[in-house]
Protein chains: 2
Amino acid sequence: MFYNNFFNVYLSDATAKMRLIEPHKNCKQCQWKCDIYFTTREMGMQHELKPVQMVYKKHETICRQDAAITHAINLVSGNAKMFVNGLFDKQIILGILMPANYIGLTAIFGSPNYPYNVTALTHCHTCQVDIDIVKKMYHANHDFQQMLNQSFSKTLASIMKKLVSLNQKQIRAKVAESLIYLAQLHESDQFMLTLSRKELGELSAITGENAVRVLSEFKKEGLIRVEGKEVCLLQKEVLQKISDAG
Amino acid sequence: MFYNNFFNVYLSDATAKMRLIEPHKNCKQCQWKCDIYFTTREMGMQHELKPVQMVYKKHETICRQDAAITHAINLVSGNAKMFVNGLFDKQIILGILMPANYIGLTAIFGSPNYPYNVTALTHCHTCQVDIDIVKKMYHANHDFQQMLNQSFSKTLASIMKKLVSLNQKQIRAKVAESLIYLAQLHESDQFMLTLSRKELGELSAITGENAVRVLSEFKKEGLIRVEGKEVCLLQKEVLQKISDAG
DNA sequence: TAAAAAAATTGTTGTAAAACAATGTTTTCA
DNA sequence: TGAAAACATTGTTTTACAACAATTTTTTTA
């Protein structure tokens, strides 16, 4: 880690890319108020919370599968992909992270290592909090506990859903499902695809080539509009039917 | 529900198969002492615990996906399969339950419905405890909390592992993996397959026909010994290699 | 205990999707 | 700014596996 006077940030010496912005003096000034902040305030623990902001550029790794979890990472801006290492350097994207979203909470549930990788799809701002403090909060605060438990449980449910669909659906249904998922995530039927075609394939557990193929099929059929990274779902109901039909 | 004098048990009127054995007067007499019992004893809550024993015959449903969770079900003897409903009446078996194993704990984590089905592979004895009491214990007892969190976290990890393998491995690797999984479960390289060939297929996300095929291939190759339901892994390392190679 | 149903086995066929290939396009960065 | 790398697209080939079919064996149950 070395200090760069010009940019007024810390650069990690490993990649010289991951930037460590000076620690918050005060969360009150933060534009992205998070649940951990609200909870610490409620519990009178602000002084213990020493959050650190980190910025990641596109393609940079935010956390690596199997590495020890030291911090709860809150994605406060940007997009990131969450994926597991498959065989033969193939990846399966479990989902896309949008703010606000915590990474690393499994440590609280007894898994001290990250169960998946997260890498930035766009510039990402994160706020990182020592995991031990979050653990302490978890055990002391029922509402916080409930919140984390619920989010953890949702993760389990979504992975189980993915297990079924990736195993039993064919490529058109898989891509349709991914598109609907992305629209839900962006809360709009029109959105910018932060994923490459290959990554859209990884999200759908198909090859990049087939992702392209299905995308242009859907375009020809008038189900979607695609121009580069811009996607618009024109006939969502039909896509939903394709997804459901398998 | 009606009472059957001959068998001295309750039979549910829906199926007339599910048997409700009289409630325990005292867990002390139970041959299968479980964690919930130990924890209630520790917490001085024995009087609140009113466990009910239920017996299920082979093929009977112990719990149904999406149904409301009313009890924590402890499988105290027998084998059961845990599976999700896929498309077109296809099932994916997530794993096999062996004693002692709790079903329905996701309710504590904010998912009030069963996320999967469980049906008996053999005669199964279960002990069922009101879920609200377990919730109460969870919130009051740190050690108990830790234990359940860890088990929940393990479930997540195993499903993620399955996600990768079922997506990227081919049938021989899938079956090899299933066989190793079963051996681990039975804590022996020689075990009785409680699953049918079709179910072994569902565990491996392949057809029953291919499960048979691979099994006889492995037999011919001297990797395993199979006689009906009796399976013995002769060359576990080779099977592991096949599984890892994908 | 006989008849019926379910499970196991083996061979054959059809097909969806991966793999490969070739080419054009965009992005990266030295 | 220009070369190299990464990405996108489309067509062709290969292949692993599901689907189907037919027969044998085992299990269930009336």
Side-chain angles (χ1 to χ4, degrees), chain A residues 15-17 57-60 81 86-92 119-123 165-176 178 192-220 226-231 242 245-246, chain B residues 16-17 57-60 81 86-92 119 121-123 165-176 192-220 224 226-231 242 245-246:
Chain A
T15 64
K17 283 180 172 179
K57 286 204 289 187
K58 198 174 170 177
H59 296 142
E60 283 185 323
K81 64 171 176 177
L87 279 52
F88 322 116
D89 289 317
K90 273 191 197 173
Q91 305 177 347
I92 298 179
T119 64
L121 290 169
T122 63
H123 261 67
S165 78
L166 298 195
N167 252 287
Q168 305 197 327
K169 289 186 177 181
Q170 21 196 102
I171 53 170
R172 284 172 59 90
K174 284 175 176 178
V175 173
S178 291
M192 276 295 179
L193 199 63
T194 49
L195 300 165
S196 72
R197 301 295 197 262
K198 181 158 174 276
E199 285 170 326
L200 180 65
E202 286 167 352
L203 179 63
S204 317
I206 60 173
T207 57
E209 290 93 323
N210 277 327
V212 170
R213 231 179 292 265
V214 172
L215 231 42
S216 40
E217 273 176 35
F218 285 171
K219 189 182 177 179
K220 249 180 238 162
V226 211
E227 274 160 65
K229 294 285 182 193
E230 179 130 9
V231 179
I242 293 173
Chain B
K17 282 180 172 179
K57 285 203 291 188
K58 198 176 169 176
H59 295 141
E60 283 186 323
K81 64 172 174 176
L87 279 52
F88 320 117
D89 289 317
K90 274 192 195 171
Q91 304 178 348
I92 298 179
T119 63
L121 289 169
T122 64
H123 261 66
S165 78
L166 298 195
N167 253 286
Q168 306 197 327
K169 289 186 177 181
Q170 27 196 97
I171 53 171
R172 285 172 59 90
K174 285 175 177 179
V175 174
M192 276 292 179
L193 198 64
T194 49
L195 300 163
S196 72
R197 301 295 197 264
K198 182 160 174 274
E199 285 170 326
L200 180 64
E202 286 166 353
L203 179 63
S204 317
I206 61 172
T207 55
E209 290 93 324
N210 277 328
V212 171
R213 231 179 292 266
V214 173
L215 230 42
S216 40
E217 273 176 36
F218 285 171
K219 190 182 177 180
K220 250 179 239 161
I224 57 171
V226 210
E227 274 161 66
K229 294 284 182 192
E230 180 128 8
V231 179
I242 292 173

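Chain identifiers are assigned alphabetically (A, B, ...) following the order of the sequence lines, protein sequences preceding nucleic acid strands; residue numbering begins at 1 within each chain.
Atom NZ in B/Lys219 sits roughly 14 Å away from atom C1' in C/dT10 (whole-Å rounding). Here the P atom of nucleotide C/dT28 and the NZ atom of A/Lys57 are 11 Å apart, to the nearest Å. Here D/dT14 presents its P atom at 18 Å from CD of B/Gln170, a figure rounded to the nearest Å. Straight-line distance from the CD atom of A/Glu217 to the P atom of C/dA16: 12 Å, rounded to whole Å. Spacing between atom NZ of A/Lys58 and atom C1' of C/dT26 amounts to 11 Å, rounded to whole angstrom units. In this structure, CG of B/Leu193 is placed 13 Å from C1' of C/dA7, rounded to the nearest angstrom. One can place CG of A/Leu87 at 16 Å from C1' of D/dA16, the figure rounded to the nearest angstrom. The nearest whole Å value for the distance from the CG atom in B/Leu200 to the C1' atom in C/dA7 is 13 Å.
Proximity of A/Lys229 to A/Ser196: side-chain heavy atoms (C-beta onward) are separated by under 4.5 Å at one or more points. You'll find the side chain of A/Lys174 stays beyond 4.5 Å of the side chain of A/Val214, heavy atoms only. Using a 4.5 Å cut-off on side-chain heavy atoms (C-beta onward), B/Leu121 and B/Glu199 make contact.
You'll find that the side chain of A/Ile171 is closest to C/dA17, out of C/dT28, C/dA19, C/dA17.
For the pair B/Ser204 and B/Leu166, the tightest heavy-atom approach, listed with the atom from each and the gap, is O-CD2, 3.6 Å. In terms of heavy-atom proximity, A/Asn167 sits nearest to B/Ala205 at OD1-CB, 3.4 Å. Minimum heavy-atom separation, A/Arg197 to A/Ala211: O-CB, 3.5 Å.
An OP1 or OP2 oxygen of C/dA19 is reached within less than 4.0 angstrom by a side-chain nitrogen or oxygen of A/Lys90.
Side-chain atoms of B/Glu230 do not come within 3.5 Å of backbone N or O of B/Glu227 as any donor-acceptor pair.
Here B/Lys174 lies out of heavy-atom contact (under 4.0 Å) with every strand. No contact: B/Ala211 has no heavy atom under 4.0 Å from any strand.
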Nucleotide N/O to protein N/O under 3.5 Å, stretch nucleotides 7-13 of chain D:
from, atom 1, to, atom 2, distance (Å)
D/dA8, OP1, A/Lys229, NZ, 3.2
D/dA8, OP2, A/Arg197, N, 2.9
D/dT9, OP2, A/Arg197, NE, 3.0
D/dG11, N7, A/Arg213, NH1, 3.1
D/dG11, O6, A/Arg213, NH2, 3.3

